Each structure stands twice: as C-alpha cells, then as structure tokens.
2 protein chains.
Amino acid sequence: MNVTALGYVLLGLLARESRSGYDLAQNLRRPVGFFWAANHSQIYPQLARLEEEGLVEHEVVDQRDRPAKKVYTLTPRGRETLRTWLVEPLTFPTYRDELTLKAYSLWLADRVEAARMLREHAEEHRAREAVCQTYVDDLTDHASEALTRVDTPEFAAYVAAQRGVSIAREARSWCLWVARLLEAQTPLTEAQLRSLPMPPS
Amino acid sequence: MNVTALGYVLLGLLARESRSGYDLAQNLRRPVGFFWAANHSQIYPQLARLEEEGLVEHEVVDQRDRPAKKVYTLTPRGRETLRTWLVEPLTFPTYRDELTLKAYSLWLADRVEAARMLREHAEEHRAREAVCQTYVDDLTDHASEALTRVDTPEFAAYVAAQRGVSIAREARSWCLWVARLLEAQTPLTEAQLRSLPMPPS
DNA sequence: AGTGGCATGTAAGTGGTTACATGATTGG
DNA sequence: CCAATCATGTAACCACTTACATGCCACT
C-alpha cells in the first residue's frame, strides 16, 4: 500500500468532504494548491489507484442540469492511512529553487537588469502573500470559534495558510535585500551585508 | 537551444571553474546542492547535451595516480547563455511542500505525536541552518574584500547561502509555532494564533 | 587478492506536464 | 447551432531517482 504525496493530498481533501475528481482538481488551485499542485490528468488515475487499495470509494451521482459525476468518499481504512502518515517523520526536502540558483551566478549578471528581475519577483511574492492573508482573514472572521481548537479542519487550514504567508514574506524579504545590494554603491559595508530581515533562530 | 535548470546549474559551476562531471557531482552536494540537487546519472548525459549545443567543451586530462577525467570548460557562448538567463523573469514556482501538506490534515492527527514530529523536523532545519551559516561565516572570514563587490563569485555564493539560512529559519519558526499550538491548552487565544514570528512584509 | 575512492556511463521506473480526446448539458 | 462549462479519461514527453555496470588506480 504505497500512497504517493498526491494520494495524501486527495485523502486529505476527501477527509473534509466527499467530492468528484473534477471538484478535487478545482479545489487543488486554492488553497491546497499553494503546497501541492496537480492537474486532472494526474488526479483521475490517482483516484483509481486509491480505490484499488480500498482507501476511497466512489458512487455515481446523476445531476439534472449537468453530466453525472463520480463522488469519491474516504473509507475508514483511508482515514487510518492518512492519520498514520501525518505523524510519520518527514524526509528533509530537496529544494529545487530556480531563484537561488540564479543568485549563485549573479556575479556575472548586469546589475541593473538583475535588480529589476528581483524586484519584479518580489512583487509576485507580495501578491501571493496577499492571497494567503485573505484566506487567513476569512478564517479568523468566519470561523474564530473553530480556530480555538486544534482538531478542526479550520485550524489546520489556518496554519497551512499562515505558512503560505510566511514563505512569501521570506522570499520577498530576500529578493529585496539582494536587489538593494545590487543597487548600492560599492564597496558594500558590513552593515549592508548583514541587513537581511529574518525570523529569530 | 533549450537549457534545463540542471543545465544552468552546471553552467554556473563551470563559469567559476572548469571541472569534470565527477567533480560537479561532488560540488552539487554543498553548497549549490541546497538549491538544486542532482546525481551523477543525470549530470553526465546533461554535460553531453550542453556540449552538443556548444555551451561547454571537454578535454581529457590524464592523471598519474588516478583514472583520466574529462574536464569541462564553459564556452563564450555558454557564458552568454547563462548571463541572458540570469535576468530573465522567473515563472512563479509551484511549491511541493510535504510539511504544509501534512499541516492541512493536522486536525485528524494525534496532538502529542504531531507536535513531536514537528519538533523533530524543526531540529533538522536547525542543523541545515547551521551548515549554511558556517558557509556564510567562512566567506565573511576569508573573503571579506570580495564580498564588498557584487561582481565576485564570493558575493553570489554569500547571498545564496544567506537564502539557505533564511529558508531554514522560516521553516523552523513555523514548525515550532504549530508545535506550541498543538501542545497548548484549548481554547487557544487570539494572541497564540498570531504569535508566528515572521520577516516584515 | 580485496577494498575503497575515482571516474564514467546506461537502464528501468516514477511523478508530473502538456496535449489529445470524448461526451453531456446549458444558455445565447 | 455554437460556445462554454462540467466531467472524465488517455498518450507522449521530460526530469529525476534508483539501480546496474564497468574500469582505473592505490593501499593494505
């Protein structure tokens, strides 16, 4: 019973609510898609595999105004599999970060162009932060009671969305810091080199 | 001339110094490997492709005490290709973060076990931060003059290594924040929910 | 003779992306 | 009738991982 990461994404969504493959594909844009994206071409075969292993079941539901759909539901076994996986130790992730990759060769680049690229990228992270923050705010406004208990889906969504904010801010801070260094007059001072804002270690 | 991210990793390393495929594989552990890891089985074919496209060249170098090696060198065309790519806009990355994925289903988990898992993971990020910080300190100690100019390989390595520190801290802060919430007495207060340390937005 | 590090490759399998393909149903 | 959305799938390709495979050279 080898469940892939995408498998756990789908189990995690179905644990909250039964859904069709189509709906799962839609919900995989916001908010979960911030941490694991997938296309429908991957989702349909994955659901079939999960069903083979008895972790989900489906039921065909006819709709008046739309084509019929297969609604998938988590089985007790699926729920147990998900619960077990949750607390298993994580293998340290191998980052594949094109941004830092570029940074490593930045000494070759045109300073002005490079600073512009970094500021543009920082702007995209600002936008992403705003989307995640909106999600956080919605939860605090409309589910403040659920957030006081850690066993609610809302609490889990809250901490995940906060991670989105946190990651976006980290990326943005770093981009702007490097951009400032590139735009500064050389020689750079020690203070400038140390001025990257960071969460406390 | 479609160069992949791994291609640019290799071009970036060869821009600093000519090396064999074996050496590239070794150097791809620390420090660049923090942002783009690769095995030798990927590197050798990739070098061949880069050579086909005229971005690198190789020369067989005999060694007394060891087997001969193919030393690859960046061509002027390879250098230009790298320089152009550096300032091109980045496509916003699709995160694949298993940690936040687990967080999204955390409401189902055993609180104590989940907090333990998060604290263990935080510890790994602390170790990663230390490795990156050591690299930063080495540069500040032994290449402080080079760091005052943005057109030195040392400066680029410095900002990349600082990104490593920054990412590790962000992850660690978030893990510990969630662990504290899981361990706290419910109901959680607003202050607890807002207590995630972050860089300024 | 065996082990271990240096050095270079190929092959099989997996996960993900992009594109192809089909059909139901509604609304203009 | 046509376009758009809902709904479900398959096929081709690519990057990456893991395993297999070979050979050189030094040291014990």
Side-chain angles (χ1 to χ4, degrees), chain A residues 1-11 18-29 32-53 56 58-72 91-98 101, chain B residues 1-11 18-29 32-53 56 58-72 91-98 101:
Chain A
M1 202 177 40
N2 281 331
V3 183
T4 63
L6 176 60
Y8 288 116
V9 176
L10 302 181
L11 295 181
S18 294
R19 264 170 279 207
S20 67
Y22 186 86
D23 289 334
L24 286 164
Q26 302 304 110
N27 299 150
L28 253 170
R29 303 194 185 285
V32 199
F34 293 155
F35 310 108
W36 210 282
N39 303 312
H40 75 273
S41 63
Q42 234 187 319
I43 291 169
Y44 290 121
Q46 184 64 54
L47 282 169
R49 243 168 287 144
L50 293 173
E51 189 157 40
E52 258 180 56
E53 294 179 338
V56 301
H58 85 266
E59 182 192 11
V60 177
V61 174
D62 286 320
Q63 302 176 106
R64 283 159 254 164
D65 51 342
R66 289 174 193 180
K69 60 180 174 181
K70 297 185 183 177
V71 174
Y72 285 85
T91 51
F92 199 83
T94 20
Y95 293 107
R96 292 247 150 65
D97 189 332
E98 207 179 324
L101 198 59
Chain B
M1 201 176 40
N2 280 332
V3 183
T4 63
L6 176 60
Y8 288 115
V9 175
L10 302 180
L11 294 181
S18 295
R19 266 169 278 208
S20 67
Y22 187 86
D23 289 334
L24 286 164
Q26 301 305 108
N27 299 149
L28 254 172
R29 304 195 183 284
V32 198
F34 294 153
F35 311 108
W36 209 281
N39 302 311
H40 76 271
S41 62
Q42 231 188 323
I43 291 168
Y44 290 121
Q46 184 65 55
L47 282 169
R49 241 168 289 145
L50 292 173
E51 189 156 40
E52 257 180 56
E53 294 180 336
V56 302
H58 86 266
E59 182 192 13
V60 177
V61 175
D62 288 317
Q63 301 175 106
R64 284 158 254 165
D65 52 341
R66 290 175 192 177
K69 60 180 176 182
K70 296 184 182 177
V71 174
Y72 285 85
T91 51
F92 200 83
T94 19
Y95 292 107
R96 291 247 150 64
D97 189 333
E98 207 179 324
L101 201 56

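Here the structure is a predicted model, which means the values were calculated and not measured. In what follows, chains are A, B, ... by sequence order, proteins preceding strands, each numbered from 1.
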Please report the distance, rounded to the nearest Å, between [atom1] in [X] and [atom2] in [N].
X: A:His58; N: D:dT8; atom1: NE2; atom2: C1'; value: 11 Å
X: A:Leu10; N: C:dG16; atom1: CG; atom2: P; value: 11 Å
X: B:Leu28; N: D:dT17; atom1: CG; atom2: P; value: 11 Å
X: B:Asn2; N: C:dT17; atom1: CG; atom2: P; value: 18 Å
X: B:Glu51; N: C:dG9; atom1: CD; atom2: P; value: 10 Å
X: A:Asp62; N: C:dG23; atom1: CG; atom2: C1'; value: 15 Å
X: B:Leu47; N: D:dA15; atom1: CG; atom2: P; value: 15 Å

Quick one: is [N] close enough that its OP1 or OP2 comes under 4.0 Å of any side-chain N or O from [X]?
X: B:Tyr22; N: C:dT8; value: no
X: A:Lys69; N: C:dA24; value: no
X: B:Tyr44; N: C:dG9; value: no

In Å and rounded to the nearest 0.5 Å, what is the CG to CD1 distance from B:Asp23 to B:Ile43? 10.5 Å

Which pair of non-hydrogen atoms, one from A:Glu98 and one from B:Trp36, has the smallest distance, and what is that distance? N-CZ3, 4.0 Å

With B for base contact, S for sugar-phosphate-only contact and - for none (protein heavy atoms under 4.0 Å), nucleotides 18-28 of chain D reads BB---BBSS--

Which one, C:dA7, C:dG9, D:dC16, comes nearest to the side chain of A:Arg96? D:dC16

